[in-house]
Amino acid sequence: EGLIKLTLTTMKDITLSDTNAGLDLHLVQLTGAGCSADPVTYTALGHTINGPIFFDNRPAGTYYIIVDGFNGAVGSTTVTITAAGP
């Protein structure tokens, strides 16, 4: 598994894809300070098993792309991230 941090300073359209059909991509946002009074939680915005996946009009903020083995798959991949427009 891998984790990629993506920070947007303005609203953008995001496109994610990778080169390994055995891996999937998830786009999530984390919230919370990470303490017992305010634990970290995540919002799953979407995922793809065999990309690409599109997220239009995502507001400024920090996102995380999770690269994960689908059904136990392992391997390497190249992840392509495009943030453009709108």
Side-chain angles (χ1 to χ4, degrees):
E1 293 186 6
L3 185 67
I4 302 166
K5 182 178 178 181
L6 173 65
T7 302
L8 301 180
T9 57
T10 61
M11 181 180 291
K12 297 288 182 185
D13 297 335
I14 302 169
T15 304
L16 304 175
S17 63
D18 71 299
T19 58
N20 185 335
L23 303 178
D24 55 356
L25 301 172
H26 305 264
L27 184 67
V28 301
Q29 278 187 298
L30 302 178
T31 56
C35 61
S36 61
D38 187 15
V40 173
T41 59
Y42 76 93
T43 301
L45 301 172
H47 77 279
T48 181
I49 296 169
N50 201 6
I53 188 167
F54 307 96
F55 302 92
D56 291 336
N57 300 316
R58 293 308 314 163
T62 301
Y63 299 84
Y64 293 89
I65 301 152
I66 301 168
V67 183
D68 186 31
F70 179 70
N71 283 337
V74 296
S76 60
T77 191
T78 299
V79 175
T80 301
I81 305 164
T82 304

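Since the structure is predicted, the reported quantities are computational estimates derived from the model, not experimental observations.
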### Query
Is there a side-chain contact between V28 and I66, using heavy atoms and a 4.5 Å cut-off?
yes

#### Entry: Qualifying side chain to side chain donor-acceptor pair (under 3.5 Å) pairs with a residue from residues 69-86, counting only residues at least two apart or across chains
D18-T77, T19-T77

#### Entry: Sequence-distant partners of A37, side-chain contact (heavy atoms from CB on, under 4.5 Å), two or more places apart
C35

### Task
For I14, enumerate each residue passing the side-chain contact (heavy atoms from CB on, under 4.5 Å) test, keeping only those at least two apart in sequence or located in another chain.
L6, L8, L16, L27, F55, R58

#### Entry: Common cluster, L23/I81, ILVMFWY with side-chain heavy-atom separation under 4.5 Å
yes

### Query
Are V40 and Y42 connected in a single hydrophobic cluster, I mean Ile/Leu/Val/Met/Phe/Trp/Tyr linked by side-chain heavy atoms less than 4.5 Å apart?
yes

### Query
Okay, side chain of D24, backbone of T48: is any donor-acceptor separation there less than 3.5 Å?
no

About how many Å separate [atom2] of [Y] and [atom1] of [X], when rounded to the nearest 0.5 Å?
| X | Y | atom1 | atom2 | value |
| --- | --- | --- | --- | --- |
| Y63 | I4 | OH | CD1 | 16.0 Å |
| D56 | K12 | CG | NZ | 13.0 Å |
| I65 | H26 | CD1 | NE2 | 12.0 Å |
| L25 | S17 | CG | OG | 7.5 Å |

### Least distance between heavy atoms, V79 atom then V67 atom
CG2-CG2, 3.8 Å

### Message
With side chain to side chain contact (heavy atoms under 4.5 Å, CB included) as the criterion, how do L45 and T43 come out once you've worked through the C-alpha distance, each side chain's angles and the decisive distance to 0.1 Å?
### Response
CA-CA 6 Å; L45 301 172; T43 301; 4.0 Å; yes

